[in-house]
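Numbering of residues begins at 1 and proceeds along the displayed sequence.
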Amino acid sequence: MSSVSKADRKTALDVASWSFNIVTSVGIIMVNKALMATYGFSFATTLTGLHFATTTLLTVLLRWLGYIQNSHIPLPDLLKFVLFANFSIVGMNVSLMWNSVGFYQIAKLSMIPVSCFLEVVFDKVRYSRDTKLSILLVLLGVAVCTVTDVSVNVKGFLAAVIAVWSTALQQYYVHFLQRKHSLGSFDLLGHTAPVQAASLVLAGPFVDYWLTEKKVYAYNYTTVSTFFIILSCTIAVGTNLSQFICIGRFTAVSFQVLGHMKTILVLILGFLFFGKEGLNLHVILGMVIAVAGMIWYGNASSKPGGKERWIYSAPSDKSQKPDNLLGSTETDEKV
C-alpha cells in the first residue's frame, strides 16, 4: 500500500508541476504579447531582469519563512549557469530580430536534439527506438503548425546557434546542479535569481537599445502599461519557479518535449484573442500530430528501457539517494 501511495503522490505532484508550468508560461506569453504588441513596450531584456528581480523578492520571503535552506553552490558553477541563462535570453531576442519567424521556430525545435545530445554525452542516457520516434513526431507536428517562411543569413544563423546551445545548457544545468549539490527547486532559485536579476537589470537597457534603438527610460509609462508590466513580473515568478521544479523532477529533454504543449495552447489562445485568420486545417493537423507525439513520448519514456541512464556521471558532495543503478531518469525528486 505504501508503494502505491508513493506512486500516486508522485503522479499527482508531476501533474501539478506540469499544470503550474503550463498555466504560468502560457499566461506570461499572452500578457507579454499584449504588453509589447498593444502598448509598445519592446524592452524584452529589461523586462526579464524585472522578472528575476521580482523572483528574488520571493526567494527572500521563502528564505525568511524557512522554505529555502542554507546551501552552497561553488562560484564557478553559479557563474556558468548565469552565463548560459543570460546568453539564452539575449540570444533568443537577437535570433528573433535577425531571422525570419520560420527559421526562428526551427531553431527553437532544434533545442530538443541538442538537449538529447547533452544527456547522452554527460549523463550517458540511452533512448529506446519508440522514444526517439515520439520525439521526431513532436518535432514534426510543431514544425507543421509554426514554421512558415524560412530564410537564413549568417549573423542570424550564428545568433540562433548561440541561443539554442545556451538555452539547452541552461536547462541541463538546472537538473545537473540540483542533483550534484542536493538542492531543491527553491534553494537553486535562491542562488541564481539575484545574480540574474542584477546582471539583466544593469545590462538590459543597453541590450534593448542595441536591439530596438529605443531607450527604456523614455518609454511612456501609462497606468495600463504599468499594470501589465507588474502583472508580467508577478506571473514570471511562477514561471521561473515551475521551470526549476519541472526540470528538477524530470529532465531538460522531457521539459522540452512535453513543453511544446504550451506552444499549442499559445496558438489556440492567440487565435481566440488576437484573430482567427491563422487557424486552418494545416495548423490543426500540426497540433494533432504534436499532441499525439507528446502522448507517445510520455508512454514510451516511462517504460523500462525507454530512457535509461547507464552511468551516473554527476558526483555529489552531500549525501543523497543512490543513483548508480541502471534505471529511468524520471526520478522522484523532492520539490
Side-chain angles (χ1 to χ4, degrees), residues 21 24-33 35-36 41-56 58-59 77-99 101 103-105 107-112 114-115 118 155-175 177 188-189 191-214 216 219 229 232-244 246-247 252 255-256 259 262-263 266:
N21 180 256
T24 55
S25 297
V26 173
I28 197 171
I29 289 172
M30 302 308 293
V31 169
N32 287 351
K33 186 170 183 178
L35 178 62
M36 294 180 182
F41 190 86
S42 55
F43 311 101
T45 309
T46 303
L47 182 62
T48 306
L50 295 176
H51 289 170
F52 280 104
T54 310
T55 304
T56 299
L58 172 70
T59 63
D77 282 352
L78 179 60
L79 292 180
K80 278 191 287 187
F81 176 88
V82 172
L83 183 68
F84 293 145
N86 288 356
F87 264 95
S88 168
I89 294 164
V90 176
M92 280 297 176
N93 291 336
V94 173
S95 177
L96 182 58
M97 182 181 69
W98 286 350
N99 291 309
V101 175
F103 186 75
Y104 173 76
Q105 291 294 346
K108 286 180 67 177
L109 290 175
S110 67
M111 288 179 198
I112 293 179
V114 172
S115 295
L118 293 176
K155 65 178 185 179
F157 178 79
L158 292 175
V161 169
I162 293 172
V164 168
W165 278 93
S166 57
T167 302
L169 284 165
Q170 182 261 340
Q171 293 182 355
Y172 173 81
Y173 253 72
V174 170
H175 189 74
L177 291 176
L188 182 58
L189 197 60
H191 286 288
T192 60
V195 184
Q196 281 192 262
S199 57
L200 289 173
V201 167
L202 290 174
F206 300 100
V207 174
D208 288 330
Y209 180 73
W210 173 55
L211 294 175
T212 66
E213 297 184 350
K214 297 178 182 178
V216 66
Y219 176 76
I229 292 171
S232 177
C233 291
T234 303
I235 300 174
V237 173
T239 306
N240 292 331
L241 179 58
S242 64
Q243 183 194 51
F244 279 38
C246 286
I247 298 178
F255 182 75
Q256 282 285 341
K262 293 176 285 189
T263 304
V266 168

| query | What residues, two or more places apart in sequence or in another chain, satisfy ring-ring contact (aromatic ring centres under 6.0 Å, His included) together with Phe43? | reply | Phe41
| said: Side chains of Trp98 and Leu158, heavy atoms from C-beta outward: is any pair under 4.5 Å? | reply: no
| field | Asn21 versus Cys246, closest heavy-atom pair with distance | value | CB-SG, 3.8 Å
| Is any side-chain heavy atom of His191 closer than 4.5 Å to a side-chain heavy atom of Leu177? | no
| message | Please find the pair of heavy atoms, one from Val94 and one from Ala159, that lie closest to each other, and give the distance. | response | CG1-CB, 3.7 Å
| Ser110 side chain to Ala107 main-chain N or O, any donor-acceptor pair under 3.5 Å? | yes
| said: With rounding to the nearest 0.5 angstrom, report the CG to OG1 distance, Leu50 to Thr56. | reply: 11.0 Å
| request: Can you measure from CG (Leu35) to OG (Ser232) and round to the nearest 0.5 angstrom? | output: 6.5 Å
| request: To the nearest 0.5 angstrom, please state how far the CZ atom of Phe244 sits from the CD atom of Gln171. | output: 10.0 Å
| note | residues 156-170 vs side chain to side chain donor-acceptor pair (under 3.5 Å), sequence neighbours excluded, gives Ser88-Thr167
| From Ser42 OG over to Lys214 NZ, what is the distance, rounded to the nearest 0.5 angstrom? | 4.5 Å
| request: Only counting residues at least two apart or in another chain, list the ones meeting side chain to side chain donor-acceptor pair (under 3.5 Å) with Thr55. | output: Asn240
| Phe87 side chain near Leu169 side chain, heavy-atom distance below 4.5 Å | no
Scan the side chains in residues 199-208 for donor-acceptor partners under 3.5 Å anywhere in the protein, sequence neighbours excluded, and list what turns up.
residue: Ser199; atom: OG; partner: Asn86; partner atom: ND2; Å: 2.8
residue: Ser199; atom: OG; partner: Val195; partner atom: O; Å: 3.0
residue: Ser199; atom: OG; partner: Gln196; partner atom: O; Å: 3.1
residue: Asp208; atom: OD1; partner: Thr45; partner atom: N; Å: 3.1
residue: Asp208; atom: OD1; partner: Thr45; partner atom: OG1; Å: 3.1
residue: Asp208; atom: OD2; partner: Thr46; partner atom: N; Å: 2.9
residue: Asp208; atom: OD2; partner: Thr46; partner atom: OG1; Å: 2.6

| request: Only counting residues at least two apart or in another chain, list the ones meeting side chain to side chain donor-acceptor pair (under 3.5 Å) with Ser95. | output: Asn99
| request: For the residue pair Thr234 and Thr54, establish whether any side-chain heavy-atom pair is separated by less than 4.5 Å. | output: no
| Among all residues two or more places apart in sequence or in another chain, which pass the side chain to side chain donor-acceptor pair (under 3.5 Å) test with Lys80? | Tyr173
| field | Residue pair Tyr172, Ile247: steps toward the side chain to side chain contact (heavy atoms under 4.5 Å, CB included) verdict | value | CA-CA 8 Å; Tyr172 173 81; Ile247 298 178; over 6 Å; no
| field | Thr59 and its side chain to side chain contact (heavy atoms under 4.5 Å, CB included) partner, picked from Leu189, Leu241, Thr192 | value | Leu189
| said: So Thr239 and His51, do their side chains get closer than 4.5 Å, heavy atoms only? | reply: no
